Structures are given as structure tokens and as C-alpha cells.
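Whatever order the structure lists them in is the order used to number ligands and atoms, beginning at 1. Position 1 is the first residue of the sequence, and the numbers go up from there. Please read these numbers as outputs of a predicted model, since none were measured by experiment.
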Amino acid sequence: MSLTKLNVTAFILLALGAATASAQDPTLAATPPMGWNSWNHFARNVNDADVRAAADTIVSSGMRDAGYIYVNIDDTWQGQRDAQGVIHTNDKFPDMKALADYVHSKGLKLGIYSGPGPKTCAGFEGSYGHEDQDAKTYAAWDIDYLKYDLCSYRQLMREQAPHDPEKQFQMYKAAYEKMHQALISFARPIVYSLCQYGLNDVWKWGPEVGGNLWRTTGDINDTWQRMSDIGFGQLGLAKYAGPGHWNDPDMLEVGNGGMTGDEYRTHMSLWAILAAPLLAGNDLSKMSPETLSILLNKEVIAVDQDRLGKQGDRAFAVGMTEIWTKPLSGGALAAGLFNRDTEEHPVTLHLRDVGFAERAKLRDLWKHEDVTATNGSYTVTVPPHGVVMLRISK
Ligand code: GLA
């Protein structure tokens with residue numbers, strides 16, 4: 001970014017901060033953030049070399065060009081604070097600034113993780129009482145994204161406001177706002193990702209404390225049960241998402257090995273219809289052609305990243321089959337025909353029911369081919385736990 005552009009951004013951020021005291025930066029995350037996060041595969045074992053390797057593969061695999069820009073280090077990078085309270089990395093990350101420089105040299109951005117409590121979920125150093133210092137350190141390291149995870153702050157809430165859920169809520173909301181203010185005071189655009197598992201309907205106040213995205217649920221894992229419970233459980237949240245502020249049903253498990261290809265295609269399709277952040281969570285150094293074809297399906301990614309920024313929702317449910325739709329720019333619509341059953345089922349989409357005339361154009365986004373409706377409806381057999389994803393236009 002040029003210096004003038006940076007100054008303008010800084011000015012806008014400061015003006016926004018002064019004018020509203022709290023509001024997420026609308027210039028960030030205009031579409032749902034895309035990238036990779038270390039947690040789902042590496043968990044506590046991630047190190048500098050893994051992150052560099054992930055950045056390399058994001059470029060060589062074509063993921064960067066498909067939109068996966070953020071390389072996010074999750075929990076366990078933290079070392080100790082020095083006598084002045086400044087946070088340092090641990091041995092796994094010898095030089096965070098050098099790592100950021102490396103990631104940036106690849107045309108990517110670097111994300112980091114902390115939380116409002118004294119400790120993170122994995123028991124590492126949190127930002128409690130050091131918010132300004134930490135935000136300053138992140139800015140000095142050239143960090144572009146912060147995931148801020150509630151964790152041990154819950155203990156503080158219980159101690160300081162026992163049996164008072166409303167006070168506990170106000171306490172931790174203020175803690176999220178505090179880090180937001182710290183982040184914007186250093187005028188570096190940092191995507192702010194709230195992680196508090198959807199408590200207190202975070203979608204209703206997440207933007208107020210500067211959230212560009214907020215987790216809507218507890219942690220995902222690499223099973224059909226958990227992934228589908230979370231994904232199909234996102235009913236009714238569409239109106240809370242939009243450019244700069246997104247619902248986050250957690251990171252992708254595609255390619256981690258616990259689900260079938262059809263299940264992973266359901267995962268990717270559902271997340272795209274939900275306008276969810278697409279943060280791959282697999283070992284990028286070992287991707288099968290099928291994993292790559294799922295993560296790199298540009299037609300499905302285009303649904304997620306559509307500039308209208310509308311989240312989709314369930315339109316119909318018949319037995320174990322569900323049709324979810326998402327409005328797209330230019331008057332088009334994405335439709336996911338999902339089958340949650342363990343046996344295949346035919347699913348019929350009536351064009352009129354989703355606002356289209358008989359002669360609408362249909363495209364199958366996994367087969368990458370145009371398909372045709374008959375007498376105004378399209379019937380297709382959907383495999384067990386599978387999906388047929390369509391784009392409908394006039
Ligand atoms: C929580 C979060 C996860 C991950 C871990 C790290 O469980 O929800 O996404 O960040 O902490 O400890």
C-alpha cells in the first residue's frame with residue numbers, strides 16, 4: 001500500500017474511531033475473509049516452518065489466486081512477557097516480523113491469535129491487561145488479522161460477577177471493545193475476528209465492538225455430524241451478515257480425512273451459501289486432487305465471495321433434504337440441494353418457488369456444466385450426505 005493510501009486509511013480509521021467509538025472497519029473484509037488457519041490440522045504443533053510451507057503451497061497450488069489470502073497462526077505461538085510487559089514469541093516462532101515479511105513477499109497476509117483473558121484456550125499468554133501493548137506489537141510485526149478468543153476470560157467473569165450473567169456479558173463485551181480500540185489506535189488495518197462461540201447472540205452486537213467476523217458456534221471437528229449440525233444450524237442469521245461483518249461457523253475441515261468427498265463438497269457448498277469465511281484448515285502440503293478440486297472450485301468460491309455480500313438461508317426442507325438459497329449480484333441466485341440422509345434422494349427445485357421463470361439458466365457448480373429445467377423444475381438425484389449446487393440466472 002502506498003504511503004498516501006495508508007494515511008487515508010489511517011485517517012478514516014481514526015475518524016471512525018472518534019465518531020462512533022466503536023464500529024467495525026468497513027474497508028476490511030468487504031467479502032468473507034479467505035485463507036488458511038493452523039488449528040484444525042496442526043493444533044498445538046504449528047511452527048514457523050509450517051506457516052512458511054503453508055504460504056508457499058497457497059501460492060503454488062493456485063489457492064492465493066483463488067482468493068485464499070490470510071495465513072493465520074492460531075494458538076500456541078506465544079512466549080513470555082518481558083519486564084516491560086511486551087509479549088514475545090516462543091521457540092517455535094523465532095522471528096514474527098521476519099515471518100510476516102516472508103508471508104507478505106508472497107502476496108499474502110499474516111494472522112495471529114490471542115484473547116482477552118490472562119491465558120488462551122491452550123494455556124498460553126493472553127492479552128489481559130496488555131491490550132494496548134499487544135496491539136502495538138502486532139502492528140510492529142505487520143500483522144493483518146487477529147482472532148480474539150474468550151477462553152480464560154470466562155473464569156474472570158465468574159469470579160468478578162458471580163451469578164450475574166448480564167454483568168458478565170457487559171464485562172466481556174467491553175473486553176472485546178477494548179482490544180478493538182487498541183487495534184485501531186495503531187492505524188494498521190487488522191481484520192478483527194471475535195471468537196466467543198456465539199454467546200449472547202454475538203451477531204447482534206459483534207459489529208459494535210469492531211468485529212469483522214464472529215464465531216457463531218463452538219468448535220467444529222472433522223466429522224459429518226459436527227460439520228452438518230453447525231452448517232445446517234445457521235438458520236435465521238442471514239440478516240446479521242454483510243460487507244465488513246460476517247457470521248463465522250468456524251474453519252473448514254476439507255481435506256483433513258474424516259469425511260467423504262461428498263461430505264466435504266456439502267461443507268464447502270454450505271459455507272459458500274452462508275457467506276462464511278473460507279479458512280482452509282488442512283495440511284496444505286498433502287492435498288489430494290479431490291481436496292484441491294473442492295477448495296479450488298472457483299464457481300463455488302464466487303458464490304461465497306459475491307459482492308452483494310448476502311448470506312443465504314434455508315428455503316425448503318422435505319424429509320432429510322433441504323434447499324438453501326443465497327441471492328447473488330445481478331439478480332442471480334445460488335441454490336444448494338442438500339441430502340442429509342445416508343441414502344440417495346431425488347430433490348426437485350421449482351424455479352417459480354425461488355423467483356425465476358421457466359426459461360431461467362441453470363448451472364451445476366460441481367459438474368461445471370449448464371443443466372436444463374423441464375417444465376419449470378429441475379429434479380436431480382443427490383447422493384447420501386451430498387449436494388448439488390446450482391447457479392440460477394435469468
Ligand atoms: C478455541 C477456539 C478454536 C482454537 C482453540 C485454540 O477452542 O474456538 O478455534 O482457536 O481455542 O486453543
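Among all non-hydrogen protein atoms, the one lying nearest atom 11 (O) of ligand 1 is Asp149 OD2, 3.0 Å. The nearest heavy-atom contact from the protein to atom 4 (C) of ligand 1 is Asp74 OD1, 3.4 Å. Atom 5 (C) of ligand 1 has Trp39 CE2, 3.6 Å as its closest protein atom, hydrogens excluded (heavy atom only). Protein heavy atom in closest approach to atom 9 (O) of ligand 1: Lys147 NZ, 2.8 Å. Scanning all protein heavy atoms for the shortest distance to atom 12 (O) of ligand 1 gives Asp75 OD2, 2.8 Å.
Residue contacts with ligand 1: Arg44 is excluded, as none of its non-hydrogen atoms falls under 4.0 Å.
Using the six-membered ring where Trp is involved, Tyr192 and Tyr176 have ring planes that are tilted, between 30° and 60° apart. Using cut-offs of 30° and 60° for the angle between ring planes, the Tyr240 and Trp203 rings count as tilted. Classified by interplanar angle (parallel below 30°, tilted 30° to 60°, perpendicular above 60°), the ring pair Tyr172/Trp205 is perpendicular.
At a cut-off of 3.5 Å, with distance as the only test, a side-chain donor of Thr223 or Asn221 sits close to an acceptor on the other residue. Judged by distance alone, the side chains of Asn247 and Trp214 do bring a donor and an acceptor atom under 3.5 Å apart.
Judged as a side-chain hydrogen bond (donor to acceptor under 3.5 Å, both in side chains), and not counting sequence neighbours, the contacts of Lys97 are Asp101, Asp142. Legend: residues meeting side-chain hydrogen bond (donor to acceptor under 3.5 Å, both in side chains) with Asn47, ordered by chain and number and at least two apart, are absent.
Counting heavy atoms only, Asp219 comes closest to atom 3 (C) of ligand 1 of the residues Thr217, Asp219, Asp248.
Every atom of ligand 1 is numbered from 1 in the order shown, and the set under 4.0 Å from a heavy atom of Tyr197 is 8 (O). Residue-ligand proximity, Cys195 to ligand 1, at heavy-atom distances under 4.0 Å covers atoms 2 (C), 8 (O).
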